[in-house]
Amino acid sequence: MIIAATDGSPAATAAVEWAADDAARKKLPLRVLHVVDRLPYEIPRYPIPGVQESIVESGERILRDARQAVRARQPAVEVTTELVYGVPAPVLRQEAEHSSELVVGSRGRGGFAGMLLGSVSTHVAGHVHTPVVVVRPAPATAHGEVVVGVSESEECDPALAYAFEEANLRGTRLRAISAWELPVHILGPEVVYDVDEIQHAFRQAANEKLGDLRERFPDVEVTLDIVRGHPVAALVDASEKADLVVVGSRGRGTIGAAVLGSVSRGVLHHARCPVAVVR
């Protein structure tokens with residue numbers, strides 16, 4: 001089952017539509033959740049008349065709109081909706097453990113204009129074992145390409161597998177990017193680097209990572225780019241012509257930044273297309 005979270009915002013609506021398309025591709029049912037946090041309105045000594053009823057009515061309307069959006073976009077997808085009470089991020093983390101994928105919007109109704117990643121998506125992506133897809137509202141322009149970051153660490157292995165599966169289901173090409181930078185002490189005149197040799201070493205390592213998956217998904221056209229530069233910049237640039245960018249996460253720690261890592265966090269904030277974080 002795929003779960004999509006909605007609060008009725010444009011980003012959440014885009015997330016629901018993205019989830020509907022992915023559910024259709026994977027032939028999975030879709031469950032749409034609206035999480036209501038009643039705590040700010042629960043003042044025992046000074047209750048606000050009608051506020052709880054208004055919250056429920058608003059939530060039910062948001063879910064009706066989400067169901068209609070799914071029906072209009074993917075009528076064959078089995079869709080259910082549910083209003084859940086609690087703090088959004090913890091609730092979604094708990095619900096995600098019982099799903100194959102969680103899809104959320106990049107920003108809700110609050111936040112600062114300069115931030116593309118909202119507080120809920122920040123505290124969900126990378127914190128659960130389920131892949132989390134963060135979708136931002138944007139014109140639906142299909143580019144026919146999935147982008148994935150490749151590194152020597154084992155953390156990228158699940159991300160690679162997810163990216164191959166998405167490209168295979170979509171019938172699109174897969175662009176794997178391995179980015180590297182010279183260490184800071186390159187400024188020392190006594191240190192000499194053979195750039196061609198470094199490029200060759202990174203290409204060889206990346207090809208080894210991709211080898212088994214290429215055999216598992218022989219129909220996926222794979223392009224490998226070895227880029228000299230920062231991984232975030234390389235992946236964000238590639239996101240301009242991508243339908244999806246896939247990154248891994250560290251899966252360790254309790255603070256969002258520590259769990260996500262600088263690369264996945266940077267891509268989530270600046271990518272121009274949906275981003276899947278795979279732990």
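- For the atom pair CD of Gln68 and CZ of Arg73, the computed distance is 15.5 Å after rounding to the nearest 0.5 Å.
- For the pair Leu268 and Ala125, the tightest heavy-atom approach, listed with the atom from each and the gap, is CD1-CB, 4.1 Å.
- Arg136 contributes no side-chain N or O that, together with a main-chain N or O of Ala11, makes up a donor-acceptor pair within less than 3.5 Å.
- Taking CZ of Arg203 as the reference point, atom CG of Leu224 lies at 5.0 Å (rounded to 0.5 Å).
- Between the His34 side chain and the Leu83 main chain, no donor and acceptor come within less than 3.5 Å of each other.
- Panel note: side chain Asp243, backbone His143; a donor-acceptor pair is recorded below 3.5 Å.
- Evaluated for a side-chain hydrogen bond (donor to acceptor under 3.5 Å, both in side chains) with Ser9, the options Asp7, Thr6, Thr13 yield exactly one hit, Asp7.
- For Gln94, the CD atom is loosely surrounded, since the number of other residues' heavy atoms within 6.0 Å does not exceed 12.
- Taking both residues in full, the closest heavy atoms of Leu174 and Ala167 are given as CB-CB, 4.1 Å, listed atom of the first, atom of the second, then distance.
- Take Pro274 and apply the side-chain contact (heavy atoms from CB on, under 4.5 Å) test, not counting sequence neighbours, and it matches Trp18, Val133, Val135, Leu244.
- The backbone N or O of Ala96 sits less than 3.5 Å from a side-chain atom of Thr130, completing a donor-acceptor pair.
- We find that Glu145 and Lys241 are not joined by a salt bridge, their nearest charged nitrogen and carboxylate oxygen being 4.0 Å or further apart.
- Counting heavy-atom neighbours within 6.0 Å of Glu97 CD, excluding the residue itself, gives a total above 12.
- Separation of atoms CZ (Phe217) and CG (Leu210) is listed at 12.5 Å; rounding is to 0.5 Å.
- With hydrogens and angles ignored, the 3.5 Å screen pairs no side-chain donor or acceptor of Asp37 with any backbone N or O of Val87.
- Side-chain N or O atoms of Arg71 include none that pairs as donor or acceptor with a backbone N or O of Ala76 at under 3.5 Å.
- The cluster map of Ile, Leu, Val, Met, Phe, Trp and Tyr, joined by side-chain heavy atoms under 4.5 Å apart, puts Val236 and Val227 in the same cluster.
- Within the 3.5 Å criterion, the main-chain N or O of Ile55 finds no donor-acceptor partner in the side chain of Ser58.
- Between the CD atom in Glu240 and the OG1 atom in Thr141 there is a gap of 12.5 Å [rounded to 0.5 Å].
- Within 6.0 Å of atom CD in Glu82, more than 12 heavy atoms from other residues, nucleotides or ligands are found, so the atom counts as buried in its surroundings.
- Judged by distance alone, with hydrogens and angles left aside, the side-chain atoms of Arg25 form no donor-acceptor pair with the main-chain N or O of Glu166 at under 3.5 Å.
- Of the listed residues (Asp65, Thr81, Ile2, Val103), just one forms a side-chain contact (heavy atoms from CB on, under 4.5 Å) with Val32, and that residue is Thr81.
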Do Val146 and Val148 pass the side-chain contact (heavy atoms from CB on, under 4.5 Å) test, and can you show the C-alpha distance, the side-chain angles, and the key distance before you say yes or no? CA-CA 7 Å; Val146 172; Val148 63; 5.5 Å; no
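- We find the CD1-CD distance between Ile198 and Glu181 to be 12.0 Å, quoted to the nearest 0.5 Å.
- Taking every heavy atom of both residues into account, Met1 and Ser99 meet most closely at O-CB, 3.3 Å.
- Counting all heavy atoms, side chain and backbone alike, Ala159 lies closest to Gly248 at CB-N, 3.8 Å.
- Looking at heavy atoms from C-beta onward, Gln74 lies in side-chain contact with Asp21 at the 4.5 angstrom threshold.
- Within the structure, salt bridge (charged side-chain N to carboxylate O under 4.0 Å, His left out) pairs that include any residue of residues 208-224 comprise Asp157-Lys209 (at least two apart or interchain).
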Worked verdict on Val147 versus Ser239 for side-chain contact (heavy atoms from CB on, under 4.5 Å): CA-CA 7 Å; Val147 170; Ser239 72; over 6 Å; no
Run the side-chain contact (heavy atoms from CB on, under 4.5 Å) test on Phe164 and Val246 for me, step by step, so that the C-alpha distance in whole Å, both residues' side-chain angles and the decisive distance to 0.1 Å come before the verdict. CA-CA 10 Å; Phe164 266 88; Val246 184; over 6 Å; no
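- The line from CG of Leu92 to CD1 of Ile3 is 8.0 Å long, rounded to the nearest 0.5 Å.
- Taking each heavy atom of Ser100 and Pro131 in turn, the nearest pair found is O-CD, 3.4 Å.
- For the pairing with Val278, the side-chain contact (heavy atoms from CB on, under 4.5 Å) check across Ser249, Pro158, Cys156 returns one residue only, Pro158.
- Considering all non-hydrogen atoms of both residues, Cys273 and Val245 come closest at SG-CG2, 3.6 Å.
- Checking each of Leu160, Ile177, Asp225 against Val150 for a side-chain contact (heavy atoms from CB on, under 4.5 Å) leaves exactly one that passes, namely Leu160.
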